[in-house]
Amino acid sequence: MRDLIERLFPRLRESRFEITSPADPSYNCVAWAAGDVGRWWWPGEAMFTYWPADVIREQSIASFVMAFETLGYLPAVSGSHDPQFEKVAIFASADGTPTHMADGAIERFGN
Amino acid sequence: MGKPRSQTTFEDDRYATKLSGGARTVVAHGATPEESEARATRVWDARERQIAEVAHEKVDEGIEIAFEELASSWATDTAHLSSPAKFLEHPAYRQIIGLGPRVLPLVLNDLSEHRRFWFPALAAITGENPVPEDAAGDIARMRDAWLAWGRTNGLI
(Lines give C-alpha, C1' and ligand atoms only; values in the text may rest on other atoms or scores of the structure.)
Protein backbone atom coordinates (compact mmCIF):
# COMPACT_ATOMS: atom_id res chain seq x y z
CA MET A 1 0.00 0.00 0.00
CA ARG A 2 2.80 2.41 0.90
CA ASP A 3 4.55 1.77 -2.41
CA LEU A 4 1.35 2.46 -4.32
CA ILE A 5 0.73 5.72 -2.48
CA GLU A 6 4.30 6.88 -3.08
CA ARG A 7 4.03 5.97 -6.75
CA LEU A 8 0.83 7.96 -7.16
CA PHE A 9 2.12 10.87 -5.07
CA PRO A 10 5.94 10.93 -5.53
CA ARG A 11 6.49 14.02 -3.37
CA LEU A 12 5.33 12.05 -0.35
CA ARG A 13 8.68 10.26 -0.47
CA GLU A 14 10.26 13.48 0.74
CA SER A 15 7.85 13.90 3.64
CA ARG A 16 6.56 11.94 6.58
CA PHE A 17 3.18 10.28 6.34
CA GLU A 18 1.47 7.36 7.94
CA ILE A 19 -1.27 4.99 6.84
CA THR A 20 -4.03 5.19 9.40
CA SER A 21 -6.45 2.63 7.95
CA PRO A 22 -6.71 0.18 5.06
CA ALA A 23 -8.32 1.26 1.80
CA ASP A 24 -12.09 0.88 1.76
CA PRO A 25 -13.83 0.83 -1.65
CA SER A 26 -17.25 1.48 -0.10
CA TYR A 27 -16.85 5.23 -0.44
CA ASN A 28 -14.71 7.91 -2.06
CA CYS A 29 -13.05 11.09 -0.89
CA VAL A 30 -16.16 13.22 -1.36
CA ALA A 31 -18.23 10.82 0.69
CA TRP A 32 -15.57 10.83 3.40
CA ALA A 33 -15.63 14.63 3.50
CA ALA A 34 -19.43 14.45 3.76
CA GLY A 35 -19.23 11.97 6.63
CA ASP A 36 -20.94 9.23 4.63
CA VAL A 37 -18.88 6.06 4.42
CA GLY A 38 -21.49 3.95 2.66
CA ARG A 39 -21.95 5.74 -0.64
CA TRP A 40 -19.94 6.89 -3.61
CA TRP A 41 -20.52 10.64 -3.97
CA TRP A 42 -20.01 12.07 -7.42
CA PRO A 43 -22.12 14.37 -9.63
CA GLY A 44 -21.65 12.40 -12.84
CA GLU A 45 -22.87 8.92 -13.80
CA ALA A 46 -26.15 9.01 -11.84
CA MET A 47 -26.60 5.30 -12.40
CA PHE A 48 -23.61 4.49 -10.21
CA THR A 49 -23.20 7.41 -7.82
CA TYR A 50 -24.97 9.38 -5.13
CA TRP A 51 -25.43 13.12 -5.28
CA PRO A 52 -27.81 15.14 -3.12
CA ALA A 53 -31.25 15.48 -4.65
CA ASP A 54 -32.00 18.83 -6.28
CA VAL A 55 -28.31 19.64 -6.74
CA ILE A 56 -27.27 19.91 -10.37
CA ARG A 57 -25.19 16.93 -11.45
CA GLU A 58 -22.26 18.58 -13.17
CA GLN A 59 -18.55 18.34 -12.49
CA SER A 60 -18.07 21.89 -11.35
CA ILE A 61 -16.98 23.57 -8.15
CA ALA A 62 -20.43 25.21 -7.96
CA SER A 63 -22.11 21.80 -7.91
CA PHE A 64 -19.78 20.60 -5.13
CA VAL A 65 -20.42 23.77 -3.12
CA MET A 66 -24.18 23.30 -3.49
CA ALA A 67 -23.90 19.65 -2.47
CA PHE A 68 -22.13 20.58 0.73
CA GLU A 69 -24.51 23.44 1.40
CA THR A 70 -27.17 20.73 1.80
CA LEU A 71 -25.09 19.50 4.74
CA GLY A 72 -24.88 22.96 6.32
CA TYR A 73 -21.55 24.10 4.94
CA LEU A 74 -21.01 27.59 3.56
CA PRO A 75 -18.17 28.89 1.36
CA ALA A 76 -15.25 29.88 3.62
CA VAL A 77 -13.56 33.26 3.39
CA SER A 78 -10.15 31.65 3.76
CA GLY A 79 -8.56 28.25 3.40
CA SER A 80 -6.67 28.48 6.64
CA HIS A 81 -7.46 26.36 9.64
CA ASP A 82 -9.94 27.85 12.09
CA PRO A 83 -10.80 25.82 15.20
CA GLN A 84 -14.25 27.44 15.29
CA PHE A 85 -15.26 25.91 11.96
CA GLU A 86 -15.34 22.46 10.48
CA LYS A 87 -13.96 22.88 7.00
CA VAL A 88 -13.73 20.75 3.89
CA ALA A 89 -11.56 21.45 0.87
CA ILE A 90 -12.46 21.01 -2.78
CA PHE A 91 -9.51 20.35 -5.06
CA ALA A 92 -9.88 21.04 -8.77
CA SER A 93 -7.79 20.83 -11.92
CA ALA A 94 -6.70 23.96 -13.78
CA ASP A 95 -9.91 23.97 -15.83
CA GLY A 96 -12.04 24.02 -12.69
CA THR A 97 -13.05 20.35 -12.72
CA PRO A 98 -13.19 18.98 -9.17
CA THR A 99 -10.85 16.06 -8.66
CA HIS A 100 -10.66 15.49 -4.91
CA MET A 101 -12.01 16.53 -1.53
CA ALA A 102 -10.59 16.42 1.96
CA ASP A 103 -12.09 17.06 5.33
CA GLY A 104 -10.94 18.72 8.51
CA ALA A 105 -7.46 19.86 9.51
CA ILE A 106 -6.90 21.82 6.32
CA GLU A 107 -3.69 23.22 7.71
CA ARG A 108 -2.20 19.86 6.95
CA PHE A 109 -2.64 20.55 3.25
CA GLY A 110 -0.36 23.56 3.26
CA ASN A 111 -2.99 26.28 3.07
CA MET B 1 -38.71 5.20 -53.22
CA GLY B 2 -36.27 5.59 -50.35
CA LYS B 3 -37.00 6.85 -46.91
CA PRO B 4 -35.96 10.41 -46.21
CA ARG B 5 -32.62 10.35 -44.38
CA SER B 6 -33.70 12.01 -41.20
CA GLN B 7 -32.94 11.75 -37.55
CA THR B 8 -35.74 10.19 -35.57
CA THR B 9 -35.70 10.50 -31.83
CA PHE B 10 -38.01 8.51 -29.64
CA GLU B 11 -38.30 6.88 -26.26
CA ASP B 12 -37.57 3.18 -26.38
CA ASP B 13 -38.77 1.22 -23.37
CA ARG B 14 -36.38 -1.62 -24.03
CA TYR B 15 -33.35 0.64 -23.99
CA ALA B 16 -34.80 2.44 -21.01
CA THR B 17 -35.02 -0.80 -19.10
CA LYS B 18 -31.75 -2.21 -20.25
CA LEU B 19 -29.42 0.70 -20.14
CA SER B 20 -30.35 3.21 -17.56
CA GLY B 21 -33.37 2.27 -15.56
CA GLY B 22 -34.82 5.56 -16.67
CA ALA B 23 -35.91 7.33 -19.80
CA ARG B 24 -33.29 7.07 -22.52
CA THR B 25 -33.40 8.44 -26.01
CA VAL B 26 -32.52 6.32 -29.00
CA VAL B 27 -31.39 8.15 -32.10
CA ALA B 28 -31.93 6.28 -35.33
CA HIS B 29 -30.64 7.58 -38.63
CA GLY B 30 -33.02 6.92 -41.48
CA ALA B 31 -34.95 4.24 -39.60
CA THR B 32 -38.49 4.16 -38.38
CA PRO B 33 -39.08 3.72 -34.65
CA GLU B 34 -40.33 0.20 -35.36
CA GLU B 35 -37.15 -0.69 -37.26
CA SER B 36 -34.96 0.68 -34.51
CA GLU B 37 -36.91 -1.18 -31.86
CA ALA B 38 -36.54 -4.41 -33.83
CA ARG B 39 -32.78 -3.84 -34.08
CA ALA B 40 -32.52 -3.14 -30.37
CA THR B 41 -34.45 -6.31 -29.61
CA ARG B 42 -32.07 -8.38 -31.75
CA VAL B 43 -29.03 -6.81 -30.08
CA TRP B 44 -30.23 -7.58 -26.56
CA ASP B 45 -31.52 -11.02 -27.42
CA ALA B 46 -28.05 -11.85 -28.76
CA ARG B 47 -26.44 -10.51 -25.60
CA GLU B 48 -28.78 -12.57 -23.41
CA ARG B 49 -27.86 -15.69 -25.39
CA GLN B 50 -24.16 -14.94 -24.92
CA ILE B 51 -24.62 -14.54 -21.16
CA ALA B 52 -26.58 -17.79 -20.99
CA GLU B 53 -23.75 -19.57 -22.82
CA VAL B 54 -21.21 -18.32 -20.26
CA ALA B 55 -23.30 -19.49 -17.31
CA HIS B 56 -22.05 -22.62 -15.55
CA GLU B 57 -19.01 -22.86 -17.85
CA LYS B 58 -15.43 -22.86 -16.66
CA VAL B 59 -13.73 -19.57 -17.43
CA ASP B 60 -11.03 -19.81 -20.08
CA GLU B 61 -7.58 -19.65 -18.49
CA GLY B 62 -6.40 -17.01 -20.96
CA ILE B 63 -9.34 -14.78 -20.11
CA GLU B 64 -8.57 -15.27 -16.44
CA ILE B 65 -4.94 -14.21 -16.86
CA ALA B 66 -5.92 -11.24 -19.00
CA PHE B 67 -8.51 -10.15 -16.47
CA GLU B 68 -6.11 -10.40 -13.53
CA GLU B 69 -3.46 -8.33 -15.29
CA LEU B 70 -5.89 -5.72 -16.60
CA ALA B 71 -7.75 -5.43 -13.29
CA SER B 72 -4.50 -5.03 -11.39
CA SER B 73 -3.27 -2.35 -13.79
CA TRP B 74 -6.54 -0.46 -13.60
CA ALA B 75 -6.82 -0.69 -9.82
CA THR B 76 -3.26 0.51 -9.31
CA ASP B 77 -3.56 3.47 -11.66
CA THR B 78 -6.96 4.66 -10.42
CA ALA B 79 -6.76 3.93 -6.70
CA HIS B 80 -6.70 7.66 -5.94
CA LEU B 81 -9.52 8.70 -8.29
CA SER B 82 -13.18 9.33 -7.49
CA SER B 83 -14.80 9.86 -10.86
CA PRO B 84 -16.36 6.76 -12.45
CA ALA B 85 -15.82 8.49 -15.80
CA LYS B 86 -12.08 8.35 -15.12
CA PHE B 87 -12.36 4.64 -14.37
CA LEU B 88 -14.06 4.12 -17.70
CA GLU B 89 -11.40 6.11 -19.52
CA HIS B 90 -8.64 3.79 -18.35
CA PRO B 91 -7.49 1.52 -21.19
CA ALA B 92 -7.41 -1.58 -19.00
CA TYR B 93 -10.99 -1.01 -17.84
CA ARG B 94 -12.11 -0.61 -21.45
CA GLN B 95 -10.25 -3.75 -22.42
CA ILE B 96 -12.02 -5.68 -19.67
CA ILE B 97 -15.36 -4.46 -21.03
CA GLY B 98 -14.17 -5.52 -24.46
CA LEU B 99 -13.72 -9.10 -23.25
CA GLY B 100 -17.52 -9.31 -23.23
CA PRO B 101 -19.77 -11.74 -21.37
CA ARG B 102 -16.96 -14.30 -20.97
CA VAL B 103 -15.41 -12.10 -18.30
CA LEU B 104 -18.58 -11.72 -16.22
CA PRO B 105 -17.87 -14.54 -13.71
CA LEU B 106 -14.46 -13.01 -13.00
CA VAL B 107 -15.81 -9.49 -12.61
CA LEU B 108 -18.59 -10.66 -10.30
CA ASN B 109 -16.20 -12.70 -8.17
CA ASP B 110 -13.85 -9.74 -7.93
CA LEU B 111 -16.78 -7.53 -6.94
CA SER B 112 -17.61 -10.00 -4.20
CA GLU B 113 -14.05 -10.43 -2.96
CA HIS B 114 -12.37 -7.07 -3.51
CA ARG B 115 -15.46 -4.83 -3.81
CA ARG B 116 -13.91 -2.86 -6.65
CA PHE B 117 -15.95 -0.43 -8.72
CA TRP B 118 -17.13 -2.74 -11.49
CA PHE B 119 -20.62 -1.28 -11.85
CA PRO B 120 -20.03 0.64 -15.11
CA ALA B 121 -18.29 -2.38 -16.60
CA LEU B 122 -21.11 -4.72 -15.61
CA ALA B 123 -23.73 -2.38 -17.04
CA ALA B 124 -21.74 -1.96 -20.25
CA ILE B 125 -21.19 -5.69 -20.76
CA THR B 126 -24.68 -6.86 -19.86
CA GLY B 127 -26.87 -3.89 -20.72
CA GLU B 128 -28.59 -4.59 -17.43
CA ASN B 129 -29.10 -2.47 -14.36
CA PRO B 130 -30.41 -4.55 -11.46
CA VAL B 131 -29.73 -1.77 -8.95
CA PRO B 132 -32.85 -0.06 -7.55
CA GLU B 133 -32.90 3.62 -8.40
CA ASP B 134 -32.73 4.66 -4.74
CA ALA B 135 -29.61 2.53 -4.26
CA ALA B 136 -27.46 4.37 -6.82
CA GLY B 137 -24.14 5.14 -5.16
CA ASP B 138 -24.82 2.85 -2.18
CA ILE B 139 -21.92 0.49 -2.76
CA ALA B 140 -23.17 -2.35 -0.54
CA ARG B 141 -26.65 -2.37 -2.07
CA MET B 142 -25.25 -2.07 -5.60
CA ARG B 143 -22.90 -4.94 -4.95
CA ASP B 144 -25.68 -7.08 -3.47
CA ALA B 145 -27.95 -6.35 -6.45
CA TRP B 146 -25.29 -7.33 -8.98
CA LEU B 147 -24.27 -10.46 -7.10
CA ALA B 148 -27.93 -11.49 -6.91
CA TRP B 149 -28.18 -10.86 -10.65
CA GLY B 150 -25.07 -12.99 -11.20
CA ARG B 151 -26.49 -15.87 -9.13
CA THR B 152 -29.84 -15.66 -10.95
CA ASN B 153 -28.02 -15.94 -14.26
CA GLY B 154 -25.78 -18.79 -13.13
CA LEU B 155 -22.58 -16.75 -13.44
CA ILE B 156 -21.37 -17.16 -9.85
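Chain A is the first sequence line, chain B the second, and so forth, proteins listed ahead of strands; every chain is numbered from 1.
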Chain A contact via B:Leu88 - side chain, backbone, both or neither, heavy atoms under 4.5 Å:
neither
Is it the side chain or the backbone of B:Phe119 that comes within 4.5 Å of chain A heavy atoms, both, or neither?
both
Paired with B:Ile156, the side-chain contact (heavy atoms from CB on, under 4.5 Å) test is passed by just one of B:Leu108, B:Leu106, B:Leu104, B:Leu111, namely B:Leu108
I need the minimum non-hydrogen distance between [X] and [Y], along with the two atoms involved.
X: A:Tyr73; Y: A:Ala33; value: OH-O, 4.0 Å
X: A:Ser26; Y: B:Ile139; value: O-CG1, 3.1 Å
X: B:Ala136; Y: B:Met142; value: C-SD, 4.1 Å

Measuring from atom CH2 of A:Trp41 to atom CE of A:Met101, what distance do you get when rounded to the nearest 0.5 angstrom?
9.0 Å
Angle class for the A:Trp40/B:Phe117 ring planes (parallel below 30°, perpendicular above 60°, tilted otherwise)?
tilted
Could you check which of B:Ala135, B:Pro120, B:Ala140 has the highest count of heavy-atom pairs closer than 4.5 Å to chain A?
B:Pro120
Measuring heavy-atom distances to chain B, does A:Ala31 have an atom under 4.5 Å in its side chain, in its backbone, in both, or in neither?
neither
Part of residues 12-23 of chain A lying next to chain B, heavy-atom separation under 4.5 Å:
none
Residues 47-57 of chain A side chain polar contacts: donor-acceptor under 3.5 Å, at least two apart:
residue : atom : partner : partner atom : Å
A:Thr49 : OG1  : A:Trp42 : O            : 3.0
A:Thr49 : OG1  : A:Gly44 : O            : 2.7
A:Thr49 : OG1  : A:Glu45 : O            : 2.9
A:Thr49 : OG1  : A:Arg57 : NH1          : 3.0
A:Trp51 : NE1  : A:Ile56 : O            : 3.4
A:Trp51 : NE1  : A:Ser63 : OG           : 3.1
A:Arg57 : NH1  : A:Trp42 : O            : 3.2
A:Arg57 : NH1  : A:Pro43 : O            : 3.4
A:Arg57 : NH1  : A:Gly44 : O            : 3.4
A:Arg57 : NH2  : A:Thr49 : O            : 3.0

Options A:Asp36, A:Leu4, A:Val30, ranked by heavy-atom pairs under 4.5 Å with chain B, top entry
A:Leu4
Let me know which of B:Thr76, B:Thr78, B:Asp77 forms a side chain to side chain donor-acceptor pair (under 3.5 Å) with B:Trp74.
B:Thr78
